[in-house]
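Inspection log for the structure reproduced underneath, given as structure tokens.
Here, residue 1 is the first one in the sequence, and each next residue gets the next number. As the structure lists them, so they are numbered: ligands from 1, and atoms in each ligand from 1.
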Amino acid sequence: MKILVAGGAGYIGSITTERLIKAGADVVVFDNLYQGHRDAVHPQAGFVQGDLADKTAVESAIATHKPDGVMHFASYTLVGESMTQPFLYLRDNVMNGLNLMEAAVKHGVKGFILSSTANLFDDPERIPIAETERIVPGSPYGESKHILERNLHWMDRLYSMKYACLRYFNACGASAERGEDHDPETHLIPLVLDVALGQREKIAIFGDDYDTPDGSCVRDYIHVIDLAEAHILAMQALLDGGESRKYNLGNGRGFSVKEVIQTAREVTGHPIPAEAGPRRPGDPDILIASSETINQELGWRPQFPELRQIIETAWNWHQANPNGYEK
Ligand code: UFG
């Protein structure tokens with residue numbers, strides 16, 4: 001299969017590109033390198049530096065490379081930032097996604113995969129969270145993904161372009177060659193590992209008075225390679241003539257912020273000082289996915305379900321690349 005990966009220089013996109021190439025796919029990455037890194041792009045992937053806001057550039061990339069499928073990872077992704085800069089999300093994420101969809105339908109792309117999010121479920125009625133859970137976006141970020149999911153519904157109905165929306169919970173971990181390098185970094189696991197590397201003094205626990213066993217927030221940490229494999233399975237299903245689908249993607253197990261820090265202490269051998277501070281606005285107590293549907297329909301199951309394995313892979317990458325992709 002030939003796949004265009006929009007955002008293939010970013011964290012999840014670059015590791016999915018790596019796994020696609022390993023699976024024998026022909027891949028071209030389209031990325032503006034605003035948040036991504038050129039060095040994260042697998043050397044066997046084609047590369048087009050371009051911006052999804054530039055309709056001509058997007059269309060030219062799709063017309064030139066004629067992919068069977070498109071995977072769309074390129075977007076603004078921070079819940080907190082979206083509360084203070086909503087237009088980056090409600091306008092740019094939506095417009096950029098639509099530019100990619102329009103070019104895809106115009107050139108007969110058969111399968112489209114959207115990186116969606118657990119932030120669709122701000123106020124879940126049931127844990128673990130299934131696809132039948134009511135959608136309550138928790139921020140302009142979650143809302144932008146909800147709008148893109150709805151747009152894809154119309155792309156299928158009007159143009160028969162099949163799609164899969166993959167709602168990630170907390171992506172983490174690394175492959176041997178690629179890992180998480182955001183600027184600024186806001187995610188728990190890389191921040192904790194920065195402390196172990198001596199690049200930060202301590203980690204702040206955002207709230208220890210939540211309604212959880214140890215008082216800190218519980219999240220579902222899913223290894224990025226498991227996420228990548230889900231994309232490949234979903235794309236194969238679409239290209240084999242399958243129907244459009246939506247999957248919640250997580251490990252199915254919850255770990256608290258304190259458990260993450262404790263496991264990182266064990267993995268790194270560093271004391272990792274931690275200090276409980278105020279809550280971060282918008283954080284729900286517990287988010288855990290049910291990934292039963294993708295397990296039953298595509299046979300997907302996580303290969304890295306243990307928090308220890310997840311943190312070990314991230315730690316190996318962080319130790320080998322203490323400055324991320326900046327050599
Ligand atoms: N946390 C801390 N201290 C820190 C950083 C984070 O205690 O310094 C806590 C957060 O409060 C949260 C947990 O660690 O309880 C995980 O936080 P992250 O920032 O790593 O991840 P989020 O759960 O906020 O966000 C992730 C993705 C989003 C996605 C969301 C869906 O990054 O894109 O999951 O729930 F929308």
Side-chain angles (χ1 to χ4, degrees), residues 7 10-13 35 73-83 88-89 93 114-124 127-129 133 135-146 148-149 165-173 179-182 184-196 199-224 227 248-251 254-264 272-290 307 310-311 314:
Y11 170 45
I12 307 173
Q35 296 168 92
F73 297 91
S75 72
Y76 296 102
T77 58
L78 299 175
V79 171
E81 178 185 68
S82 80
M83 300 295 274
L88 287 180
Y89 292 78
N93 272 3
L114 173 71
S115 297
S116 188
T117 175
N119 196 244
L120 297 188
F121 309 112
D122 192 46
D123 187 17
I127 301 277
I129 302 171
E133 182 60 64
I135 291 183
V136 181
S139 65
Y141 166 62
E143 188 73 62
S144 73
K145 296 293 183 170
H146 180 47
L148 290 172
E149 288 199 359
C165 300
L166 303 184
R167 285 102 170 238
Y168 316 153
F169 281 60
N170 288 64
C172 50
E180 193 164 4
D181 178 11
H182 297 114
E185 188 53 79
T186 62
H187 295 98
L188 179 64
I189 292 178
L191 287 176
V192 166
L193 297 179
D194 282 349
V195 179
Q199 295 178 345
R200 273 171 211 270
E201 220 177 289
K202 59 185 174 200
I203 185 78
I205 299 170
F206 294 155
D208 68 348
D209 57 352
Y210 282 95
D211 188 12
T212 59
D214 68 17
S216 65
C217 285
V218 170
R219 294 286 178 273
D220 182 329
Y221 295 89
I222 172 169
H223 198 282
V224 62
L227 274 183
N248 293 355
L249 266 181
N251 197 344
F255 299 102
S256 73
V257 172
K258 289 182 184 171
E259 283 177 294
V260 169
I261 297 169
Q262 184 51 33
T263 308
I272 312 185
E275 196 172 276
R279 291 183 176 200
R280 187 174 65 177
D283 273 338
D285 305 47
I286 302 181
L287 287 175
I288 301 172
S290 164
L307 187 57
I310 290 174
I311 293 182

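Of the heavy atoms in H187, both backbone and side-chain atoms come closer than 4.0 Å to ligand 1. At a heavy-atom distance under 4.0 Å, no atom of A171 approaches ligand 1. By the criterion of a heavy-atom distance under 4.0 Å, neither the backbone nor the side chain of V260 is placed next to ligand 1. Proximity of T186 to ligand 1, defined as any heavy-atom pair under 4.0 Å, is confined to the backbone N, CA, C and O atoms. The part of L191 lying near ligand 1 is the side chain, judged by heavy-atom distances below 4.0 Å.
The protein heavy-atom contact nearest to atom 30 (C) of ligand 1 is T117 OG1, 4.3 Å.
With sequence neighbours left out, the ring-ring contact (aromatic ring centres under 6.0 Å, His included) criterion links F169 to no other residue.
Residue contacts with ligand 1 do not include F121, since none of its heavy atoms lies under 4.0 Å from the ligand. Residue contact check for ligand 1: Y11 places no non-hydrogen atom closer than 4.0 Å to it.
Listed by atom number, the atoms of ligand 1 under 4.0 Å from A118 heavy atoms are 31 (C), 35 (O).
Ring-plane geometry between Y89 and Y141 is classed as perpendicular, the angle between the planes exceeding 60 degrees on a 0 to 90 degree scale with a lower cut at 30.
Considering backbone and side-chain N/O of L287, none are found under 3.5 Å from N/O of ligand 1.
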